[in-house]
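Accompanying notes for the structure given below.
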Amino acid sequence: MSDPTTPHLYRLPRNARRIVAAGLDLRQLIILCIGGSVFAGFTMTGSPFGVVLGAMLLVIAAVLTFVKFQGQRLHAWAPRLAGFALQRARNQHVYEALPGSGGFTEHVELPGALYGVSVSAVIAGEHTTRPIEVDGSGPIGVITDKGGRDSTSYTIVIEVASPAVLLADVATRNGYAAAWQDLLDRVGRHDSSIAQLGIVEITAPDAARCNWFASNYAAIESDDAGRSEASWHYRAMLATASNEPVHRMFVTVTVTDRSSRQSRRSIGGTATDVLISEGHEIVAALRRMEIVVVGWLSPEGIGRLIRGSYDPDEHLSTLPTDPNMIGPMGARNGWSYYVHDNSVSCTLWVAQLPSDLVECTLLAELMLLQGVNRRVSFAYQPVPTELARRQIRSQRAADEDPRTDEADPTRRLQATDTARFAQDLAAGATAHRAACYVSVTASTIDELNAHVGELRRTAAAMGISLQVAYGTQDTAFSWTLPIGRGV
């Protein structure tokens, strides 16, 4: 029996390439084959110029395959560069809100990153028009996303009170981590219709509090008594208190037409009926974990939450009440930043996690960094067991390839991860794809760069590699919103 006073340690999965042969993945093999074929074709012509040109193309293919920049091989940068250049050529990197058929008071056309996203009330069943209510608190909002790769997705947002994990004793931490693992296993069951489970933590200044402190600060400044020592201390207190952030945490539950197909066939109803049923089970599981469930967000609550992410300086009460007016009034996508309304943001993604054993509070420490306006988004997507087993067999075959270097530390870590993954799968655990993104928002570029640098240094000290989502800042920004995207 494990000691309740000893913290449980976990080895987090590392991003591993799907090796096909000779330590290379499929894209690397394709690039080398193309370069080799072009070189062979030019060589067969017998022309000295053709041989030189073919050799140059082969060298370029080798550089794209093996050389790394910012932790990624150069061939992985090609889609980003092409997409960013195409966006610039079409002038799609600049967005200005355009009114819909009813003008700005009814609807605003959304930017390309939010293409296909709409917010509405969940309707109870196919033949009724009454919105579903929870505990008499009003209708539940559902986010419909028709811009996905596979099928239309439907997402509900549940606000929870962020637990003080770092302040809890060791036994409570261990139990909390085990409960989350049970919840993820429940999501990955074969009879579950959940396509993705997300967690979004938002740390931002309270606009109402900042406005109140700012008005009082201005009143003191204009008063003759403002020159006294007591008023100086009062002004210092106002300046400090107005910077205190507000932490909010949300759990998103997403189903798609495809993932809910079996449930709809067996119990009837629509995908939103399945979504509400799954949402009730998630809420029950959260309450068993002693997490306080604040409530299910209404359509207006979802609209204000997303709109407030684009304009964090706007007070909540002045945001539009129309749930479909969720986008920015103006935006511009840059290579390493995203300008929206009166703010500028930079979105980073977790490129690599520590290879050593860590406690379950690792990411909680990153989320409590003070003085940074940010959103941290975690997305978990269940993987079918048979697909996970095929991935294990493929990775084991690559690890046993005699042409790879046995002394390579990366190969040893991948072999360890594969063995542990196989053991967990055999013990009944479910497989998941996971992704983590962090959006940092500031008022100026200089302030943003300072906050991003501080965040990356803090993450590096914990063994976490944060990389900027170069060229895709507008899309990556939407991955940190509670709309069911990110994997």
Side-chain angles (χ1 to χ4, degrees), residues 15 17-18 25-35 37-38 56-57 59-98 100 108-118 145-153 306 309-310 326-341 343-351 377 379 435 437-441 445 448-449 452 466-481 483-487:
N15 294 334
R17 296 179 296 122
R18 295 185 180 181
D25 58 27
L26 182 60
R27 287 184 296 180
Q28 290 177 302
L29 287 176
I30 292 176
I31 293 174
L32 286 180
C33 288
I34 293 176
S37 299
V38 172
M56 292 177 57
L57 293 177
V59 170
I60 292 175
V63 170
L64 291 174
T65 301
F66 297 107
V67 176
K68 286 186 177 182
F69 176 72
Q70 293 286 341
Q72 288 187 303
R73 286 172 172 79
L74 292 183
H75 68 80
W77 288 90
R80 297 188 192 182
L81 291 170
F84 185 76
L86 184 62
Q87 187 185 55
R88 290 268 171 168
R90 295 179 176 178
N91 200 31
Q92 294 176 342
H93 65 291
V94 178
Y95 164 79
E96 183 178 352
L98 298 176
V108 171
E109 299 296 331
L110 299 178
L114 294 180
Y115 171 77
V117 175
S118 61
D145 186 2
K146 297 182 179 180
R149 297 179 180 178
D150 298 329
S151 59
T152 302
S153 66
I306 299 176
S309 299
Y310 283 101
I326 59 177
M329 293 296 101
R332 179 168 55 88
N333 183 41
W335 178 248
S336 60
Y337 59 87
Y338 180 54
V339 180
H340 47 90
D341 291 345
S343 304
V344 58
S345 294
C346 176
T347 302
L348 307 95
W349 59 286
V350 176
S377 172
Y437 304 93
V438 183
S439 276
V440 180
T441 301
I445 293 289
L448 178 68
N449 292 334
V452 169
L466 286 177
Q467 299 293 339
V468 177
Y470 291 106
T472 58
Q473 283 292 310
D474 54 344
T475 303
F477 185 89
S478 70
W479 293 341
T480 63
L481 299 175
I483 58 177
R485 292 183 177 180
V487 178

To the nearest 0.5 Å, tell me how far Ser345 OG sits from Tyr310 OH. 9.5 Å

Main chain of Pro328, side chain of Asp341: is a donor-acceptor contact present, judged purely on distance under 3.5 Å? no

Heavy-atom side-chain contact between Arg90 and Leu86 under 4.5 Å: yes

For a quick check under 3.5 Å, do Asn333 and Gln92 share a side-chain donor-acceptor pair by atom type? no

Within the structure provided, determine whether Thr472 and Phe477 are in side-chain contact (heavy-atom separation under 4.5 Å). no

Are more than 12 heavy atoms, taken from residues, nucleotides or ligands other than Arg332, located less than 6.0 Å from that residue's CZ atom? no

Can you tell me how far apart OH (Tyr95) and NE2 (His340) are? Round to the nearest 0.5 Å. 13.5 Å

Please tell me if the side chains of Asp474 and Gln87 come closer than 4.5 Å, counting only heavy atoms from C-beta onward. yes

Measure the spacing between CD1 of Ile483 and OG of Ser153 and express it to the nearest 0.5 Å. 8.5 Å

Less than 4.5 Å apart, side chain to side chain, heavy atoms only: is that true for Tyr470 and Trp77? yes

Does the side chain of Leu481 reach to within under 4.5 Å of the side chain of Leu114, using non-hydrogen atoms? yes

Heavy-atom check, side chain of Arg485 versus side chain of Ser478, under 4.5 Å: yes

Mind checking what makes ring pair (Phe, Tyr, Trp, His ring centres under 6.0 Å) contact with Tyr437, not counting sequence neighbours? Trp479

Student check: side-chain heavy atoms of Thr152 and Asp145 closer than 4.5 Å: no

For Ala379, which residues count as a side chain to side chain contact (heavy atoms under 4.5 Å, CB included) partner, sequence neighbours excluded? Gln196, Val487

Taken in chain and number order and not counting sequence neighbours, the residues that satisfy ring pair (Phe, Tyr, Trp, His ring centres under 6.0 Å) with Tyr337 are none

Thr480 versus Val438: any side-chain heavy-atom pair under 4.5 Å? no

Distance-only polar pair, side chains of Ser439 and Thr347, donor-acceptor under 3.5 Å: yes

Minimum heavy-atom separation for Gln473 and Cys346, please, with both atom names. OE1-CA, 3.3 Å

